[in-house]
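For the numbers below, each heavy atom of this structure counts, side chains included, while hydrogens, waters and symmetry mates do not.
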Amino acid sequence: MQIPTSPPQPPTHRNQITVLSIDGGGIRGIIPGTILAFLESELQKLDGADARLADYFDVISGTSTGGLVTAMLTAPNERNHPLFAAKDINNFYLENCPKIFPQDGSPFASAANLVKTLTGPKYDGKFLHSIVKEKLGDTWLQLLTNIVIPTFDIKRLQPAIFSNYQVKNNPSTDALLSDICIGTSAAPTYLPAHYFETKDPSGKVREFNLIDGGVAANNPVLVAISEVSKAINRESPDSFRINPMEYGRFLVLSLGTGTAKSEAKYDADEAAKWGIFGWLTSDHSSPLVDVFTQASGEMVDFHISTVFQALDSEENYLRIQDDTLTGTLSSVDVATKENLENLVKVGEKLLEKPVSRVNLATGVFEPINKMTNEEALTKFAKLLSREKQLREVRSSFFGKASASKL
């Protein structure tokens, strides 16, 4: 077993706590991939070509496909730089998604997919497992910044959250990053559940029987904030602990992977006729999976938005989501060349759309001001750059420990 990471360092001088969160959504990970490429390019304009997202965020959290992106951004290569620059994430999706989700172009594809769904997962996961293990190798939770990746253990019937914040107090969660990513991506009906074991320092074995983290937290931003808050309060003296009125210290970017346009979703008349087959398969998706991932994602967004508004810190929380997807664009697995390239265009158009917030009464994302997502990200990049510079100044004045990450 890899030696556990050092405990997170407490924040110093009341610095902000920077959080990046990425939803689950299969091939739709291309959408946040496009957003992240833009943000990193803005940081490079400010701080130089070597700037990487892991240099600016105290914690990066992701579920399912978001967990894969989290690993790409934080796992170190041989030069101790991220395995992937943000601009390379979409290339990974465009190249590998057709092999992860091979498409059946025959006239009987729908019937064949139904049979697969009734007898096992739609895809065998073999290519996904091999490419994740190839890219991540023997990487454990020694990463370039802190991560939080939710999964769900079906044997324990409870969430299993992997985070380098937890390793000190629960060393059995120190697992290979590849196993964590395969586990959080194992969407029910699409990919097989994933089993692996870990050993704590005493040699005690712990089993993990994992499926997609979207079952627990498809939008993992609240889990990330909870993990970092517990770590700070556990490791910090009283003067540095976070109380509920200090959540304005968080600077949060939460990225969705898109959802279907309201009129393209399901209705009660349609669902009233469904048995188990209907809930598991409908055109390009699984309604049951769509319902629980969508519900958890939007409720978390609503909760976090409410908290930040109550603390007069709305500008510290930026949620970017697209709720206008139709047809195969809203699927998690239609990995044709055309559909993947169209998802890139969705991400590019999303940058041009106004900053929006979900209205739970209507389920629609509504503009909250005239600023575009692109403009908001440019502003966000300046905040991240300023915080990094402040920490560097503090480091030179107070010593290296002062500027350590959380």
Side-chain angles (χ1 to χ4, degrees), residues 22-42 53 62-73 82-107 109-110 113 122-123 125 127-128 130-132 134-135 181 185 187 190-191 214 218 255-261 263-265 282-286 289-290 293-294 320-354 356 365 372-374 377:
I22 309 157
D23 288 10
I27 61 171
R28 300 198 312 266
I30 287 176
I31 296 173
T34 304
I35 304 300
L36 292 170
F38 177 80
L39 176 60
E40 192 167 88
S41 71
E42 290 300 296
L53 293 172
T63 296
S64 192
T65 196
L68 293 177
V69 174
T70 296
M72 292 180 197
L73 296 174
L83 278 178
F84 287 78
K87 65 181 177 62
D88 297 325
I89 290 172
N90 280 0
N91 290 335
F92 175 87
Y93 276 82
L94 292 169
E95 179 181 348
N96 294 294
C97 281
K99 302 170 190 174
I100 296 171
F101 303 111
Q103 303 297 294
D104 183 351
S106 72
S110 296
N113 287 335
K122 190 174 179 181
Y123 306 99
F127 183 81
L128 173 64
S130 66
I131 193 66
V132 168
E134 174 192 326
K135 296 297 183 183
C181 287
S185 301
Y190 290 98
L191 291 162
N218 198 56
L255 302 181
T257 56
T259 180
K261 195 172 183 179
E263 56 264 34
K265 298 172 186 175
S282 175
D283 294 330
H284 307 295
S285 63
S286 167
V289 174
D290 287 350
T293 56
Q294 183 85 12
I320 299 180
Q321 173 70 305
D322 191 316
D323 68 340
T324 64
L325 304 184
T326 58
T328 57
L329 287 174
S330 64
S331 77
V332 299
D333 68 325
V334 180
T336 62
K337 183 175 185 290
E338 179 184 14
N339 198 45
L340 295 174
E341 290 176 347
N342 284 337
L343 284 169
V344 175
K345 295 175 183 177
V346 169
E348 293 169 347
K349 290 179 181 177
L350 183 56
L351 287 169
E352 301 171 359
K353 292 184 178 181
S356 300
F365 273 77
T372 66
N373 289 316
E374 184 175 282
L377 286 166

- Given the rule in the side chain to side chain donor-acceptor pair (under 3.5 Å) test, do S64 and N218 qualify, once you have shown the distances and angles that lead to the verdict? CA-CA 8 Å; S64 192; N218 198 56; 5.8 Å; no
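- Side-chain contact between V69 and P32: absent, with no pair of heavy atoms (C-beta onward) separated by less than 4.5 Å.
- Across all non-hydrogen atoms, the minimal contact from I35 to L350 is CD1-CD2, 4.3 Å.
- Remark: F92 pairs with F84 by the ring pair (Phe, Tyr, Trp, His ring centres under 6.0 Å) rule, at least two apart or across chains.
- Using a 4.5 Å cut-off on side-chain heavy atoms (C-beta onward), D322 and K353 make contact.
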- Message: Evaluate K99 against I131 for side chain to side chain contact (heavy atoms under 4.5 Å, CB included), listing each step before the verdict.
- Response: CA-CA 10 Å; K99 302 170 190 174; I131 193 66; over 6 Å; no
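- Residues N96 and F127 are in side-chain contact: their nearest non-hydrogen atoms beyond the backbone lie under 4.5 Å apart.
- Summarising the geometry, atom CD1 belonging to I22 is positioned 12.0 Å from atom CD1 belonging to I320; distances are rounded to the nearest 0.5 Å.
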- Should N373 and F38 be marked as a side chain to side chain contact (heavy atoms under 4.5 Å, CB included) after you check the CA-CA gap, both sets of side-chain angles, and the distance that decides it? CA-CA 10 Å; N373 289 316; F38 177 80; over 6 Å; no
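- Across every non-hydrogen atom of T257 and D23, the tightest pair is CG2-O, 3.5 Å.
- Using modelled atom types, one finds no donor on one side chain facing an acceptor on the other under 3.5 Å when comparing D333 with Y190.
- Using a 4.5 Å cut-off on side-chain heavy atoms (C-beta onward), N342 and T328 make no contact.
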